[in-house]
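This report refers to the structure that appears directly beneath it.
Residue indices begin at 1 and follow the sequence shown.
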Amino acid sequence: MVDRRIIETPRGPARLVQRRAERPWATLALTHGAGGGLEAVDLQALATRLPRVGITVALVEQPWRVAGRGVAVAPAALDEGFVTVAGQLRSRTPMVVGGRSAGARVACRTARSLGAAGVVALAFPLHPPGRPERSRVAELAGARVPLLVVQGERDSFGTPQEFPPGTTLVAVQDADHSFGVPRRLGTQGAALDAVVGAVTTWVRALLAPA
């Protein structure tokens with residue numbers, strides 16, 4: 001079942017696309033990055049496949065994107081938009097928040113205020129490409145809830161080896177920031193299988209009923 005709604009936020013209308021599991025035991029609320037929207041292949045793969053195993057997926061399209069603007073707004077505005085929508089989810093199940101790239105940063109910053117059980121960070125932008133000195137590692141630590149990072153081995157925003165020791169991280173073989181894989185090395189389908197498998201396993205270990 002797919003539920004599509006426009007939700008008013010202090011930053012303008014946001015869009016919620018929710019794919020409900022038939023017998024849900026968890027909800028995963030995800031938002032997109034600064035360079036794209038809900039069409040991102042990793043978000044779509046999770047939204048399509050996780051409800052089959054009992055995880056409802058709620059995709060949140062930020063107001064700047066709904067309004068057709070080409071550039072993301074300031075972090076505080078992103079956080080406010082996501083918190084407003086995720087806070088209205090009608091779910092009796094525990095919630096995990098997450099997102100890809102800039103959306104992962106939003107999830108880390110807002111998880112505690114939303115009462116989330118954990119964070120799923122897809123392609124976390126640890127630093128701008130070529131600028132490792134501008135680390136955003138403090139945002140990961142600031143989540144203060146269980147956190148999973150799913151990162152491509154070739155991500156120019158931070159390779160798996162650059163994350164702090166102790167980070168719960170699944171590296172996606174040969175994948176870049178968009179989980180794309182060169183044809184000579186593999187397929188994006190295999191990369192997305194790895195993303196979905198990693199998130200499913202982690203959320204199940206965190207929240208699945210005995």
Side-chain angles (χ1 to χ4, degrees), residues 9-11 14 26-36 40 42-43 46 55 57-65 71-89 91 93-152 155-172 177-179 195 198-199 201-207:
T9 82
R11 302 293 177 168
T27 297
L28 176 60
L30 298 167
T31 192
H32 53 83
D42 49 346
L43 299 183
L46 292 167
I55 304 172
V57 177
L59 300 181
V60 178
E61 188 170 25
Q62 288 275 5
W64 69 268
R65 182 82 180 181
V71 180
V73 293
L78 296 175
D79 293 356
E80 191 171 16
F82 184 66
V83 166
T84 301
V85 178
Q88 292 188 28
L89 290 176
S91 175
T93 66
M95 181 172 68
V96 173
V97 296
R100 67 161 287 101
S101 195
R105 297 178 64 193
V106 171
C108 287
R109 294 192 299 258
T110 61
R112 292 272 292 185
S113 66
L114 285 166
V119 170
V120 170
L122 306 167
F124 187 86
L126 192 62
H127 56 71
R131 301 293 301 276
E133 74 279 4
R134 293 179 57 186
S135 175
R136 296 164 180 144
V137 70
E139 288 184 343
L140 290 173
R144 292 184 296 162
V145 295
L147 180 142
L148 170 70
V149 176
V150 184
Q151 201 80 359
D155 194 326
S156 60
F157 287 80
T159 62
Q161 292 78 14
E162 295 179 74
F163 283 77
T167 303
T168 302
L169 187 148
V170 173
V172 181
H177 191 62
S178 299
F179 296 113
V195 172
V199 173
T201 298
W202 186 80
V203 175
R204 183 176 281 133
L206 183 69
L207 293 177

Open item on the list: For a side-chain contact (heavy atoms from CB on, under 4.5 Å) check, start with the C-alpha distance between Leu140 and Phe163, then their side-chain angles and the critical distance, and finish with the verdict.
Closed with: CA-CA 10 Å; Leu140 290 173; Phe163 283 77; 3.6 Å; yes
- [ ] With the side chain counted from C-beta on, respond yes when Val150 and Asp42 share a heavy-atom pair under 4.5 Å apart, and no when they do not.
- [x] no
TODO: Taking the side chain as every heavy atom from C-beta outward, state whether Pro146 and Thr168 have any atom pair closer than 4.5 Å.
DONE: no
Identify every side-chain donor-acceptor pair in residues 121-130 under 3.5 Å, counting partners at least two apart or on other chains, and give the distances.
residue	atom	partner	partner atom	Å
His127	NE2	Glu162	OE1	2.8

Task: Shortest non-hydrogen contact from Pro160 toward Gly152 - done: CD-O, 3.4 Å
TODO: Search all heavy atoms of Val145 against all heavy atoms of Gly118 and return the closest pair with its distance.
DONE: CG2-CA, 3.9 Å
Open item on the list: If I compare all heavy atoms of Gly158 with all of Gln151, which pair ends up nearest, and what's the gap?
Closed with: O-NE2, 2.9 Å
- [ ] Go through the structure and list residues passing salt bridge (charged side-chain N to carboxylate O under 4.0 Å, His left out) with Arg11, not counting sequence neighbours.
- [x] Glu80
Open item on the list: Whether the side chain of Thr167 engages the backbone of Leu169 through a donor-acceptor N/O pair (distance < 3.5 Å, no angle test) should be reported.
Closed with: no
Task: Any Phe82 side-chain heavy atom under 4.5 Å of Val97 side chain - done: yes
TODO: Check salt bridge (charged side-chain N to carboxylate O under 4.0 Å, His left out) between Arg144 and all other residues, then give those that pass, not counting sequence neighbours.
DONE: none
- [ ] Look only at the side chain of Gln62 and the backbone of Leu78, and say whether a donor-acceptor pair between them is shorter than 3.5 Å.
- [x] yes
Task: CG on Leu114 to OG1 on Thr84, rounded to 0.5 Å - done: 9.5 Å
Open item on the list: So, taking the atom named CZ in Arg136 and the one named CZ in Arg105, what distance separates them when rounded to the nearest 0.5 Å?
Closed with: 4.0 Å
Open item on the list: Could you report the tightest heavy-atom contact between Thr110 and Val106, atom names first, then the distance?
Closed with: OG1-O, 2.9 Å
TODO: Work out which heavy atom in Val119 is nearest to a heavy atom in Ala107; give both atom names and the distance.
DONE: CG2-O, 3.9 Å
Task: Nearest atoms (heavy-atom pairs only) where Ala29 meets Leu89 - done: CB-CD1, 3.9 Å
Task: Residue of the set Leu30, Thr31, Val85 for which side chain to side chain contact (heavy atoms under 4.5 Å, CB included) holds with Leu59 - done: Leu30
